[in-house]
Structure formats: C-alpha cells, structure tokens
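Beneath this line is the structure, given in structure tokens, with notes to follow.
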Amino acid sequence: MVLPCHLLRSIRCAHWGVLLMVLLLAGCAAGTVQPPAAEADLPLDLGRVQSLTQDGVTVRLAIPADDKAVRYFGVKLAEYDIQPIWVRVENESDADYWLLPIAIDPDYYSADEAAIITGEDLPGHARDRNRKKFRDNALPFYSKAGSAIEGYVYATHALGGRLVDVRMKGNQRSIRMRFAVLLPTEGFDYEKSELKRLYAQLHALPDLTLPQLHEHLQTLPCCTTTADGSGEGDPLNVVLIGSGEDVIAALSSSGWNFTEAITIDSIRRMVGAAIAEKSFPTAPVSSLYAFGRPQDIALQRGRSRISQHNHMRLWLAPFRSEGKAVWIGQVSRDIGVKMTTKSPSLTTHIIDPVVDESREYLLDSLLHRDAVARFAFVRGVGAAGPDAPRLNLTDDPYFTDGLRLVVWLSQTPVTPEQAVDLDWNDSIDPVRKSAGENLPD
C-alpha cells in the first residue's frame, strides 16, 4: 500500500527530521492544497436535524457546526475537545424513561466540567455566565410519560462523521436509536472525490438480485491498481452493502475515522506526530485505484503511533443490490514503515502479510457494534499461501484464502447472534494458516 506522505516509524536524529520534512513537502505539497468545501457540498446529505420514533418516543438530534457552537455558547468548544450534541425527546408513551448519556459518549462532560474547562481564562463574572449557559442548556436525563425534554450532551469532539447511540431505560422496557451524522469539515479527502456525483446517480445503477450479486462479485478484479490501471496492489477483499448513512453509522460506531486530504497543513501535523511518535487518527493516505478512479472514501483505525494503522479504502460500485448501494473495499493493517523508491517520499507503510486477519477484524468490529444484518464470503481475490505469497505495488508480500467478506449493514441494532451467515463459502482461520497448518482450501 503506497502512502507517499507518511513518515518513518521513528525519527531519532535532527538531520533525519529535516530531510524527511523536505521530502514530504516536495513530494506532496505541490498542487495539493484545496479550498475548504462548503457544508452544502458534502457528498452525502444527512440533514442537520434527524428524527427517529420508537414505541411512542420521538428523538430529534443535531450536531451544530463548530462555528455555530461558538456563536451560541460564546466559547470555542472545539479547542477544548467538546462537541455539543442537541437532543430533543418527545415522550408520548405511557412509560417513564431515563436517558443513558454514557451510550452517546462514555467520556461526555458534565455541564460544570465543560464550564470550568472553557472558562479558565474568563473574568469572574463571565465565568458565572458561562457556567449558567452550560447548566441551562444541558439535556435532562429523566423523560416523564407525556412530556418533552431537550438540551445538549457535551460530548468529546469528533471530526468527519459520528454515530450517536441514544439509549433509554424504563421499567422492563427500553428505547434504542442510532443516528449517523456527517459533520461539516474542512479538508477531508472524500470532499475531493467523485462520491457526491456518483451517489446522486445511485438510483440509475443496475439493481442485482442476491444470486446475481453472488455471481458478479466473483468476476470483479482481484486487486487495486496504479492510476493507469496497471499492476496488482492490495486485494479488494471487502464488500459493504448499505446506504451512505448505514456505512457512516456502522464504521463510525466501530471506531473508524475519515482521513484528511493531503495538504501542507495535514503534512505538517503528520510530521509532528511522527517525530513525537504519536497517533494521528485522521492522517491522510495516498490513492489506490479501482473502477478507473481513486478511492471515494478512506478510513482508518489508528493506534498509539502513526506508523501503525488499520486502513480501509472504499469505492461505490457501478451497481446496486436489492436497492442498496454496494461499496467495494480494501482493508489491511499497517505494521511498520520502510524505505522505497516507489513512493515520492521514499517511505511507505508495510502491510501485515496476513491480510485475511484484517478482513476478519473488520467483521468482528461490525458484529461487536451490532451493525451486521447478514454476511457471507465470496471468491474473487485468488488464493495465495505463505509459501508462495503475492506482492502488492510496493513489493510487500501477503497471503490469503482468496475470499471477499460481504457485509449487509444495519443501522438498527442487530446482536451478533442475530446476524445471518449466508454460508456462501467458509473462510479459513488466518491465524492457523499463518502458523503453517495444512488447512483445506
């Protein structure tokens, strides 16, 4: 997987820091700075206020843009890692409920905590007004039958997309609703892709039945390519089926972050993260190609260091299935970095050769977050064993049982035992295979 703007795992000497800074700016900055996208230009229009109803309880939810939050609260909440989530609960049922704010964000701030954090530099009278503002606007937790409550949950700040899980507990009954919110941003890579145009034409794409989908997925190319369509890169080993809202909800709840576009600023922050050996969960990634274009969306699950990530790239397929969007993807785990002449920055990440474990990790993370309605495995990648691995575009070896994971996403919660296995093909345990066990194909 070529990542032309990533850095070496560790920069121990000052001259290496200067050298890599020059390489990064020379290799990535020219011609890459894009103007910020307007909120109306986001690829998927989810609306600023969403509404769901269950058992006589209606929940309305919105997340204001950072600048609107500043104008309302009078302090720059985002600078203090605070993101206010507005919630209105209209309880027309015959039951009383308690809201569980920990489901929305286990690290949410109380009203006074948010006031103290944001009011440290304010004079005394302004601190009092600030505290009153946060208290008066906090969302009550108790929802009495036949009443309505509204206010803000002071959540930790998120970028790109957010899954909001609203859960309420009554006497031997419960409410659970999940909201997928695409947040207005400046500089995320999906804003530069063709996704908005392609997604607007979704209704005109061929609509495949389940048997037709099964057959067609086996005929797709095995792997990503270079821009000119040559070479075989990382395997296209993932298929997600669901609307844009479903994708955001499932992946956001599973800890995946959108990636930023390659700009001078994102490069600068990536350099800083590399020097400090820190995480950068929205770090930019380079482009791989399928269907004649670079990925429409790139996501990652970062670890404590920038050199280690789980990466995923998704392309909107030129067909639907059962009326739903189909997303073809590539998922892999980055486990280190190396020098290479095949990258403009002379560095690239090294992928874990056990790529099927990355595929299983994605399935596990989605099952764990109750986001899978159905799943299956389908042939199409082509098998390669540890004794004769295949190579990606930067000569990293990998091996695979040759299957693609297919997941039908659900925005409504589905527990893991309720997820339906269509049993198209059986995947091989990647851990046992990597250990050299002679397993059946």
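Just so we're clear, the structure is a prediction, and the values are computed from it rather than from any experiment.
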(request) Rounded to the nearest 0.5 Å, what's the gap from OG1 on Thr58 to CG on Leu52? Could you check? (result) 9.0 Å
(request) Rounded to the nearest 0.5 Å, what's the gap from CD on Glu90 to CD on Glu92? Could you check? (result) 6.5 Å
(request) Could you tell me whether the side chain of Ile175 reaches within less than 4.5 Å of the side chain of Val166, counting heavy atoms only? (result) no
(message) What I want to check is whether the side chains of Ser110 and Asp112 have a donor and an acceptor closer together than 3.5 Å.
(response) no
(request) Would you confirm whether Arg404, through its side chain, and Leu236, through its main-chain N or O, come within 3.5 Å as a donor-acceptor pair? (result) yes
(message) Hydrogens and angles aside, do Ser321 and Asp207 bring a side-chain donor and acceptor to less than 3.5 Å of each other?
(response) no
(message) Is the ring pair Trp98/Tyr142 parallel, tilted or perpendicular, if the boundaries are 30 and 60 degrees?
(response) tilted
(message) How long is the straight-line distance from SG of Cys222 back to CG of Asn237, given to the nearest 0.5 Å?
(response) 10.5 Å
(message) Taking the basic N atoms (NZ, or NE/NH1/NH2) and the acidic carboxylate oxygens, is any pair closer than 4.0 Å for Arg135 and Glu113?
(response) no
(request) For Ile102, look at atom CD1 and say whether over 12 heavy atoms of other residues, nucleotides or ligands are found less than 6.0 Å away. (result) no
(request) Apply side chain to side chain donor-acceptor pair (under 3.5 Å) to the pair Thr400 and Asp356, showing each step before the final yes or no. (result) CA-CA 6 Å; Thr400 172; Asp356 293 350; 2.8 Å; yes
(message) Tell me if a side-chain donor or acceptor on Tyr97 pairs with a main-chain N or O of Lys144 at a distance below 3.5 Å.
(response) no
(message) With rounding to the nearest 0.5 angstrom, report the CD1 to OH distance, Ile82 to Tyr154.
(response) 9.0 Å
(message) Whether Arg71 and Asp67 form a salt bridge (side-chain N of Lys/Arg under 4.0 Å from carboxylate O of Asp/Glu) is what I want to check.
(response) yes
(message) Assess, by modelled atom type and distance only, whether the side chains of Glu150 and Trp86 contain a donor and an acceptor separated by less than 3.5 Å.
(response) yes
(message) Please report the interatomic distance CG(Asp364) to CZ(Arg359), rounded to the nearest 0.5 Å.
(response) 11.0 Å
(request) Indicate yes or no for a side-chain donor-acceptor contact from Gln83 to the backbone of Ala158 under 3.5 Å, with no hydrogens or angles considered. (result) yes
(request) Hey, can you tell me if Phe377 and Phe375 have their rings parallel, tilted or perpendicular (30° and 60° cut-offs)? (result) perpendicular
(request) Using a cut-off of 6.0 Å, state whether more than 12 heavy atoms not belonging to Glu417 lie near its atom CD. (result) yes
(request) Check for a donor-acceptor pair, side chain of Gln418 on one end and backbone N or O of Thr415 on the other, with a separation under 3.5 Å. (result) yes
(message) Using modelled atom types and a 3.5 Å cut-off, is there a donor and acceptor pairing between side-chain atoms of Thr209 and backbone atoms of Gln212?
(response) yes
(message) Tell me whether the NZ or CZ atom of Lys133 lies within the 45° cone about the ring axis of Tyr72 and under 6.0 Å from its centre.
(response) yes
(message) Looking at Trp327 and Ile297, would you say the former's side chain and the latter's main chain have a donor-acceptor pair under 3.5 Å?
(response) no
(message) Donor-acceptor pair, distance only, cut-off 3.5 Å: does the side chain of Arg60 make one with the backbone of Ser51?
(response) no
(request) Output yes when a side-chain donor or acceptor of Gln50 lies under 3.5 Å from a complementary backbone atom of Ala62, and no otherwise. (result) no
(request) Could you tell me whether the side chain of Arg374 and the main chain of Val420 form a donor-acceptor pair under 3.5 Å? (result) no
(request) Look at the side chain of Asp352 and the backbone N and O of Arg333, then say whether any donor-acceptor pair between them is shorter than 3.5 Å. (result) no
(message) Contact between Gln54 and Met177 at the side-chain level, heavy atoms closer than 4.5 Å - yes or no?
(response) yes
(message) Looking only at side-chain N and O atoms, does Ser332 offer a donor or acceptor that is under 3.5 Å from a partner on Gln330?
(response) yes
(request) Kindly compute the distance separating OG1 (Thr224) from CG (Asp234), expressed to the nearest 0.5 Å. (result) 5.0 Å
(request) Indicate yes or no: does Asp246 engage Arg178 in a salt bridge with an N to O separation below 4.0 Å. (result) no
(message) Taking the six-membered ring for Trp, are Tyr109 and Tyr80 closer than 6.0 Å centroid to centroid?
(response) no
(request) Kindly determine whether Arg162 and Asp105 satisfy salt bridge (charged side-chain N to carboxylate O under 4.0 Å, His left out), including the steps that lead there. (result) CA-CA 11 Å; Arg162 183 169 199 138; Asp105 185 347; 3.2 Å; yes
(message) Give me the atom names and distance for the closest heavy-atom approach of Asp370 to Pro416.
(response) OD1-CD, 3.5 Å
(message) For a quick test of reading the model, state the closest non-hydrogen atom pair linking Cys223 to Tyr398 and the distance between them.
(response) SG-OH, 3.8 Å
(request) Start with the C-alpha gap between Arg173 and Asp94, add the side-chain angles, then the distance that decides, and say whether salt bridge (charged side-chain N to carboxylate O under 4.0 Å, His left out) holds. (result) CA-CA 11 Å; Arg173 61 176 76 185; Asp94 59 358; 3.3 Å; yes
(request) Answer with yes or no whether the side chains of Ser147 and Asn91 bring together a donor and an acceptor at under 3.5 Å. (result) no
